[in-house]
Peer 1: 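Here it is: the structure, laid out below.
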Amino acid sequence: MKKTVLVTGGTGYIGSHTVVELQAAGYEVVVVDDLSNSKENSLAGIQEITSTKPRFYKIDLKNKELSSEIFSTHKIDAVIHFAAFKAVGESVANPLHYYQNNLGTLLNILELMKQYDCENLVFSSSCTVYGQPEKLPVTEDTPIQPAASPYGNTKQIGEEIIRDTINSSDKLSSISLRYFNPIGAHDSGLIGELPQGVPNNLVPYLLKVVGGELEQLSVFGGDYNTKDGTCVRDYIHVVDLAKAHVIAVDKLLDKKSKRYEVFNLGTGEGYSVLDLIKTFQEATGETINYKIVDRRPGDVEQIFADTRNANDNLGWKAERDLKNMLSTAWKWQQHLMRKS
Ligand code: UD1
């Protein structure tokens with residue numbers, strides 16, 4: 001019989017791509033999302049790609065009673081917990097909202113998993129836990145720095161809550177995946193990132209500039225100690241990232257993982273903002289109107305992953321290059337423009 005995976009935040013950006021890959025791998029998928037930062041029609045995109053519409057619950061996971069219906073209705077074999085707020089600036093302005101949402105939902109999920117004997121959890125974490133590391137590339141043993149924002153703190157505390165819960169139980173096992181910078185979209189151009197309002201992140205902003213919705217891309221800082229003065233990040237294709245989640249679920253269900261494991265998910269390559277702009281232009285033939293401006297407070301200068309642990313112990317490796325990330329992102333943006 002097919003195993004069932006509950007994907008929280010499954011209509012969102014990384015969630016929707018992961019649902020596609022889980023279904024392709026033969027899993028039954030149940031999606032829960034409160035649609036606070038996504039649209040229900042990403043399920044139609046998933047259905048078009050996979051010919052299967054996952055079972056969907058529009059529920060706020062902070063409501064434990066409502067959420068328990070999912071567990072009483074379905075025998076959930078594993079949970080992938082994506083559902084969380086992720087805007088750094090907003091978290092600084094409204095920290096309680098972030099702690100309540102990002103930690104409240106995690107606590108409910110863990111309690112429900114215990115109550116309904118679900119033993120396998122994949123947690124959506126971030127390279128933000130490393131801050132600006134002293135040594136690059138960053139391994140999973142790189143020291144965790146005091147969080148630079150309430151958002152980052154919810155990821156650190158989330159990992160700690162899971163570790164403590166595992167220590168108190170002889171059943172639960174979990175894998176935390178620390179994402180670097182996910183970009184790109186499904187090859188079909190039918191699902192992708194859909195930020196509400198003016199985007200904070202680089203690629204969604206750039207796409208709106210090229211699409212004509214925004215005037216100019218501001219490149220934050222041209223005087224960093226990097227090869228061209230702009231910040232360096234490890235951009236990773238969202239489909240590669242989604243596949244890592246399937247492998248993590250397989251590993252947990254096959255009882256091949258340790259009780260708690262952490263993996264960095266990146267390509268291991270660092271690219272500057274200007275590298276990304278240049279590659280986008282080469283990949284698409286479009287020209288980007290950009291200007292180098294002051295640094296954005298809170299940005300780290302450079303970060304990229306040591307991927308050996310994920311390669312050797314998760315059995316996963318990113319396959320797609322920056323050009324593919326950007327051409328698929330552009331295909332998605334064109335899909336959105338045709339629809340509007
Ligand atoms: C940010 C968060 C990170 C979070 C991730 C997911 C910070 C410090 N980090 O990562 O914790 O997990 O988003 O949402 O906010 N850039 C521009 N112009 C723009 C936008 C960005 O030049 O309009 C630059 C940034 O300075 C950075 C790079 O592009 O160098 C990537 O920025 P972004 O996409 O926002 O991701 P991070 O800041 O790396």
Side-chain angles (χ1 to χ4, degrees), residues 1-47 49-86 97-125 154 158-159 161-162 165-166 168-169 171-177 191 242 245-246 248-253:
M1 213 176 84
K2 278 188 173 185
K3 297 273 186 194
T4 301
V5 182
L6 173 65
V7 180
T8 78
T11 56
Y13 175 44
I14 307 174
S16 58
H17 288 83
T18 301
V19 173
V20 166
E21 298 304 324
L22 284 166
Q23 289 184 335
Y27 286 104
E28 190 84 36
V29 180
V30 177
V31 168
V32 56
D33 205 304
D34 66 357
L35 302 178
S36 61
N37 193 31
S38 60
K39 293 258 174 355
E40 190 170 346
N41 66 11
S42 70
L43 297 171
I46 291 170
Q47 184 172 21
I49 296 166
T50 63
S51 307
T52 310
K53 196 167 185 180
R55 185 80 168 77
F56 175 59
Y57 292 85
K58 182 182 177 303
I59 287 178
D60 180 344
L61 290 166
K62 290 199 292 303
N63 186 329
K64 191 172 159 198
E65 211 177 299
L66 280 180
S67 307
S68 72
E69 268 177 39
I70 304 168
F71 285 84
S72 58
T73 309
H74 304 272
K75 160 88 186 72
I76 305 291
D77 297 293
V79 176
I80 305 181
H81 184 48
F82 290 107
F85 295 154
K86 66 171 187 96
H97 197 45
Y98 268 66
Y99 287 117
Q100 219 159 43
N101 188 64
N102 292 7
L103 300 180
T105 57
L106 175 63
L107 294 175
N108 282 345
I109 284 290
L110 286 167
E111 282 178 348
L112 289 168
M113 287 177 71
K114 187 173 175 189
Q115 199 178 326
Y116 288 91
D117 288 323
C118 176
E119 301 177 355
N120 306 294
L121 173 68
V122 177
F123 179 62
S124 186
S125 189
T154 65
E159 289 194 18
I161 290 173
I162 293 169
T165 311
I166 286 172
S168 74
S169 130
K171 289 192 174 156
L172 181 69
S173 295
S174 178
I175 294 178
S176 286
L177 299 176
I191 53 173
H245 291 76
V246 179
V249 167
D250 291 344
K251 196 174 188 215
L252 286 166
L253 289 174

Peer 1: Determine yes or no for a side-chain-to-main-chain donor-acceptor pair under 3.5 angstrom, with Ser174 supplying the side chain and Leu121 the backbone.
Peer 2: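 Yes.
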Peer 1: For the pair Glu40 and Lys58, find out whether any cationic side-chain nitrogen is under 4.0 Å from an anionic carboxylate oxygen.
Peer 2: no
Peer 1: For Gln47, what residues pass the side-chain contact (heavy atoms from CB on, under 4.5 Å) criterion, not counting sequence neighbours?
Peer 2: Lys53
Peer 1: Less than 4.5 Å apart, any side-chain heavy atom of Asp33 and any of Phe56?
Peer 2: yes
Peer 1: For Ser176 and Glu159, test the side chains for any donor-to-acceptor distance below 3.5 angstrom and give the result as yes or no.
Peer 2: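 Absent: no donor and acceptor within the cut-off.
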Peer 1: Atom CG in Leu253, atom OG in Ser173: separation rounded to 0.5 Å?
Peer 2: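 These two atoms lie 10.0 Å from each other.
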Peer 1: In Å and rounded to the nearest 0.5 Å, what is the CG to CG distance from Asp60 to Leu35?
Peer 2: 10.5 Å
Peer 1: What closest approach, in Å, do Leu172 and Asn120 show between heavy atoms, and which atom pair accounts for it?
Peer 2: CD1-N, 4.4 Å
Peer 1: Could you check whether any side-chain heavy atom of Phe123 comes within less than 4.5 Å of a side-chain heavy atom of Ile109, counting everything from C-beta outward?
Peer 2: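 SC-SC contact between Phe123 and Ile109 ruled out.
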Peer 1: Taking the side chain as C-beta and beyond, is there a heavy-atom pair between Asp34 and Leu61 under 4.5 Å?
Peer 2: no
Peer 1: Give the minimum heavy-atom separation between Val122 and Leu252, together with the two atoms involved.
Peer 2: CG2-CD1, 3.7 Å
Peer 1: For atom NZ of Lys114, is the number of surrounding heavy atoms from other residues, nucleotides or ligands below 6.0 Å larger than 12?
Peer 2: no
Peer 1: If I compare all heavy atoms of Thr11 with all of Ser38, which pair ends up nearest, and what's the gap?
Peer 2: OG1-OG, 2.6 Å
Peer 1: Taking side chain as C-beta onward, heavy atoms only, is Val32 less than 4.5 Å from Ser67?
Peer 2: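 Sidechains of Ser67 and Val32: no contact.
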Peer 1: Closest approach of Ser68 and Tyr116, non-hydrogen atoms and distance?
Peer 2: O-OH, 3.8 Å
Peer 1: Rounded to the nearest 0.5 Å, what separation is found between the CG atom of Asn101 and the NZ atom of Lys62?
Peer 2: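 The distance works out to 4.5 Å.
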Peer 1: Nearest 0.5 Å, what's the CD-NE2 distance between Glu69 and His74?
Peer 2: 9.5 Å
Peer 1: Going by heavy atoms in the side chains, are Lys75 and Thr4 under 4.5 Å from each other?
Peer 2: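 In short, these two side chains do not touch, never coming nearer than 4.5 Å.
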Peer 1: Quick one: list whatever passes side-chain contact (heavy atoms from CB on, under 4.5 Å) with Gln23, sequence neighbours left out.
Peer 2: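 Applying side-chain contact (heavy atoms from CB on, under 4.5 Å) to Gln23 gives Val19, Val29, Ile46, Thr50, Thr52, Pro54.
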Peer 1: Distance from Gln115 atom CD to Leu110 atom CG, nearest 0.5 Å?
Peer 2: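 Nearest 0.5 Å value for the CD-CG distance: 12.5 Å.
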Peer 1: Using side chain to side chain contact (heavy atoms under 4.5 Å, CB included) as the criterion, point out the one residue from Ile76, Val79, Asn108 that pairs with Met113.
Peer 2: Val79
Peer 1: May I ask you to decide if Lys3's main-chain N or O and Asp77's side chain share a donor-acceptor pair within less than 3.5 Å?
Peer 2: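 No; zero donor-acceptor contacts below 3.5 Å.
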Peer 1: For a 4.5 angstrom cut-off between non-hydrogen side-chain atoms, does Val246 reach Tyr27?
Peer 2: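 Yes; the side chains approach each other to less than 4.5 Å.
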Peer 1: For Ala248 versus Ile175, what's the shortest heavy-atom pair and its separation?
Peer 2: O-CD1, 3.7 Å
Peer 1: Taking all heavy atoms of Asn102 and all of Phe85, pick out the closest pair and write down the distance.
Peer 2: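 Smallest interatomic distance, heavy atoms only, reads OD1-N, 2.8 Å.
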Peer 1: Could you measure the distance from the CD1 atom of Ile70 to the CD1 atom of Ile59? Nearest 0.5 Å is fine.
Peer 2: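 Going from the CD1 atom of Ile70 to the CD1 atom of Ile59 covers 4.0 Å.
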Peer 1: Within the structure provided, determine whether Thr8 and Thr105 are in side-chain contact (heavy-atom separation under 4.5 Å).
Peer 2: no
Peer 1: Would you check if Val7 and His245 make a side-chain contact, meaning some heavy-atom pair closer than 4.5 Å?
Peer 2: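 The answer is no; the side chains never approach within 4.5 Å.
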Peer 1: Between Ile14 and Ser124, does a side-chain contact (heavy atoms from CB on, under 4.5 Å) hold up when you go through it step by step?
Peer 2: CA-CA 10 Å; Ile14 307 174; Ser124 186; 5.6 Å; no
